[in-house]
Structures are given as structure tokens and as C-alpha cells.
Amino acid sequence: MNYIPTIGLEIHAELKTKSKMFCSCKNDPLEKLPNVNICPICMGHPGTLPVPNAEAIRMVLKTGLALNCTVAEYSKFDRKNYFYPDLPKGYQISQYDLPLCENGFLRIGERDIRIQRIHLEEDTARSQHSAQADYSLVDFNRAGVPLMELVTEPDLESGEEAAAFGQELQMILRYLLVSDADMEKGQMRVEANVSLRPEGTEELGTKVEVKNLNSFRSVQNAIAFEIRRQTELLEAGKEIAQETRGWNEAKKETFSQREKESAHDYRYFPEPDIPPLTFTKDFIEQLRLEVPELPQKKRERIQQEYELKDKEVALLVKDRALGEYFEQVVSELGSRLPQKELAKKISLTKNYIVSDLQGLLNGMSVEDPNFKITPENFAELISMLADGTISSPGAKSLLKKMFETGGDPSQLLESEQLAQISDEGAIEKIAKDIISKNPKAVEDFKSGKQNALQFLIGQMMAATKGTVSPEGARKILITLLAP
Ligand code: ADP
Ligand code: ZN
Ligand code: MG
């Protein structure tokens, strides 16, 4: 018997609003000191009143528009009642039957994965259980942070596809500037529901929910593990227990956390302290205009426009800011250049951004205030390279200088003496000097060892800080060493 896997995801993302969801406390996920961004409202004191954060609502609606959802014209908040130390009110303000967004989809590869709903709620506080202590600590900085929850239909078929969905969604949230969606930091949390059904049948099997997945890799691995585990159980004629399981990253396996007592009863009821929300069509159309070009569109467009390889497209789309920087540099190169010249410069720009600049950035974003190379200066460097003012090794050291100082390339060129040496007499003088200093290599070359020539070329490049091109060095050395 063959079994078909079915997966549905529940994904939470912290919104990056300035303030919290129902109070004016700072929403700062990077705050290290516990319990500083708190007030009576997010501490759940009796008698306080919540006031919804309009920015958070706009962010969720925008996400819904980006994901092809129907956006509610009428919506409301509800109380989800349960008790836990990280939820001092005894209920979470969430949304039950009238979420902000419904019935969307996101294309992953060739398939549309349907989105059931996206709603808005408040995050809970963070509990800290230390192994050494006989007490737990609660940090309320996170309590009341706006949290978006997205629920997919059970449309995914593998761990790989689920991870791809998560990654695409992460990119979209970042493009929309609604969440940094960093899984390691808990800004995006994925729960996977996994079930199997015999091939040829329609009815879905009993699902298992897997929690604490804090990377896309663990999403993929945990689902693959669950599929194997459930297949073995079914093949042995056993039943799947409906339960919640955790993921043990070290052992690469899921483990039972709790059996699901018949569906939780949260006694949802409309939040009496917040009036229902209504949105006009105009308001929603206005928001639609704020949705930027999304990753899939951008992938198709830049591929065509700049003749990029798949890997280059992937990098420039994944790193939104780097992709935008690349296009700013291209626009600085000047649109009135002859087609062939522009194509050459675009190709150089792409190479220098994808490899050299990436290497210098070493994980830093081009939006970081410490990154100082303006698109104008980058474009100037590319032009100097394209017209032969500098050699390629010269451009690389110039780029490094620009990265370190934020300086202007033509000024740095003079102060660093990196201009390509084009005076043949000067090149010849340097070559003669290298030849006289390296008699062993010269002898090796004359006895037919090609490596020796490579070595001499290297010596010339080093002596001139790369301002002689390798081809130029090769030519002059061969001429001088000819028998
Ligand atoms: P619950 O009431 O247990 O929360 P929901 O119907 O709200 O279940 O679905 C929660 C998530 O589980 C959704 O992402 C949904 O797509 C997924 N899901 C529902 N049934 C199954 C199933 N049989 N197998 C896999 N995923 C499922
Ligand atoms: Zn507060
Ligand atoms: Mg549910």
C-alpha cells in the first residue's frame, strides 16, 4: 500500500510595528533587559482597556492582498480563554470567525497552495525555565506584540515543499516590510500538521501537529521524519494517535508532547472592549497600491531584463535590499549607453555584486548604516573597469577601499595609485626588474615549465598592486624571455 502525505501549516509572524498591539509600549524584539517595555495594559491589569494598533491591522491586510486573499470589509476581535503564566489576563485577544483575510493562495513551483485565513492576535510573554532554579521567570516585553497567524489548507505534499512555502512567505513578509520573520529569533514560528492517507482515497488521515521548529531545515526534516514514522505505523496495522509532537533537533526525531484531549474549548466570544472593524473599498484599494513588486514577479522580470543565471536571480531576490542596490547601480550606469556597452557593464555590475561585494559584506545588509558605497560610486567603479582605467585586480582592491572608507573611486584611484599602467615603457621596466630578481623562475620557464610563467605574472601583479593586467604582463614577459 502506498500512502500519500498531507501537510498543512500554521505560521505565526511578529509584526514590526513601532508599538505593541493594544498599548503604546515599544515593540522591540531586540531588547535584552527583561520587563522594561511593559505597562498595565500588556500586563493584563484589571480595568485597563485595549486600543488596537492601526498599523498592525494595515500590515495584515497588506499581507492578505499580497497573498491573493479576500480582505474583510467587516472583522472583529475575540477572546480566546485559557490560563497560562505568560498570559496574565487569562485570555488572548485573537480573531475567531471573522479573520482579517481569507481564501488566498501562494504559488510554490507549479502548485497553488491555498491559504485558509490570516488573522491578528497578541503575542504572549516569554517564560524562562532554568534547569538550575526551582522557579521560572516571565519576561513581559513580548506580551502584547502584534502577531499575525496564517493557516494554510492541507495542500502541501512533502517536507521540502512545506519548507519552500515557509521561505517564500518569509521573503514576502520582508518585501512588505511587515516582519523580519527570522525563525532563529522566534519572529516566525512554523507548526506543521502531517497526516497520511492510502493512495486512491480522498478522506484525510489523522493528523499530528509538530511544534518547535526553528529553521526551515527542521521544518523539512521534521515532516520527512513524521511521514516515515506514520508510514511504519500504518504498515504495521497500527493507528495514528492525534497528538502534538515536538522536534528534537539533536536526535532528528519528533517526540510526543501531549495527546490531544478532544478539541480544546477556548470559549471564544467577541472582545467586548473593542468595537468591530469596518474597512471601505477605497481604503483597501489604497493599501493595494502599497504592495510592492513581490519575489515571484521580480524573479521573472530580472531574469529577462539582465540575463542572469538562476543562482544570481535567487540571491538578488532573496536579499531584497541587495537586489534593489543592483538595480540602482544599473540605473546609474546610464540608460543612454549603446546597447552592447550597457550589457557589458550590467554583466560586470552583476559579477562584482554577486561575488566581490557579497564577500566584503559577509552577511551585512547593504541597508546597514555601516555600508557606505553609494550606487553612484559603485557605477563609477564599473565604468572605470569597463573602459580600462583600472584592471580587474585593481578594481577589486579599489572596491575593498571603497567598502572600508566610503570614498569616491576616482579620488581613491589617485591616492592609492591603482590606475592601470598603460605606458609600455613603464611596464617593460617592471618586467625587467622582476626577471632580474627571479633567476630561478626564469630558468624554469626557459626549460619549459609553464608554471614558472604564471609565477612571474603573479610577481608583476603584486609589484604593481594589480595595475598591470595579467594579459599585459604575460605578453611583455614572453617577449622579453623569448630566446
Ligand atoms: P484544528 O481544529 O485541530 O486546529 P484545523 O482544521 O484548524 O485543525 O487545521 C489546522 C491546520 O491543520 C491547517 O493548516 C490545516 O490545513 C491542517 N490540517 C487539517 N486537517 C489535516 C489533515 N488531516 N492532515 C494534515 N493537515 C491537516
Ligand atoms: Zn504595554
Ligand atoms: Mg485550528
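Heads up: numbering here begins at 1 and tracks the sequence. Whatever order the structure lists ligands and atoms in, that order sets their numbers, starting from 1.
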Q. At the Zn ion (ligand 2), what's the angle from C39 SG to C25 SG, rounded to 10 degrees?
A. 100°
Which of the ligand 1 atoms, numbered from 1, are nearer than 4.0 Å to a heavy atom of [X]:
X    : answer
E153 : 16 (O)
L204 : 22 (C), 23 (N)
G205 : 23 (N)
L9   : 14 (O)
P154 : 16 (O), 26 (N), 27 (C)

Q. With a 4.0 Å heavy-atom cut-off (strictly under), which part of V151 contacts ligand 1: side chain, backbone, both or neither?
A.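 For V151, only side-chain atoms sit under 4.0 Å from ligand 1.
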Q: Mind checking whether E209 contacts ligand 1 via backbone (N, CA, C, O), side chain (CB onward), both or neither, at a 4.0 Å heavy-atom cut-off?
A: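 Neither; no heavy atom under 4.0 Å.
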Q | Salt bridge present between R117 and E102 (N-O < 4.0 angstrom) | A | no
Q. Does E232 come within less than 4.0 Å of K238, counting only side-chain N to carboxylate O?
A. no
[X]-ligand 1 polar pair, N/O distance under 3.5 Å:
X    : value
K207 : yes
Q242 : no
T206 : no
Q116 : no

Q: Please state whether the rings of F371 and F403 are parallel, tilted or perpendicular, taking 30° and 60° as the class boundaries.
A: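 F371 and F403: tilted rings.
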Q: Look at the aromatic rings of F283 and F279 and report parallel, tilted or perpendicular, splitting at 30° and 60°.
A: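 Parallel.
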Q: Using the six-membered ring of Y91, assess whether NZ or CZ of K89 lies under 6.0 Å from its centre and within 45 degrees of the ring axis.
A: yes
Q: Determine whether the side chains of T405 and K372 contain a donor N or O and an acceptor N or O closer than 3.5 Å.
A: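 There is no such pair between these side chains.
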(Q) Go through it in stages, so that I can follow the logic: the residues are R189 and L147, the test is side-chain contact (heavy atoms from CB on, under 4.5 Å), and I'd like the CA-CA distance, side-chain angles, deciding distance and then a yes or no. (A) CA-CA 10 Å; R189 300 165 222 156; L147 196 62; 4.1 Å; yes
Q) R299 pairs by salt bridge (Lys or Arg N to Asp or Glu O under 4.0 Å) with which of E312, E168, E305? A)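 Among E312, E168, E305, the one that satisfies the salt bridge (Lys or Arg N to Asp or Glu O under 4.0 Å) with R299 is E168.
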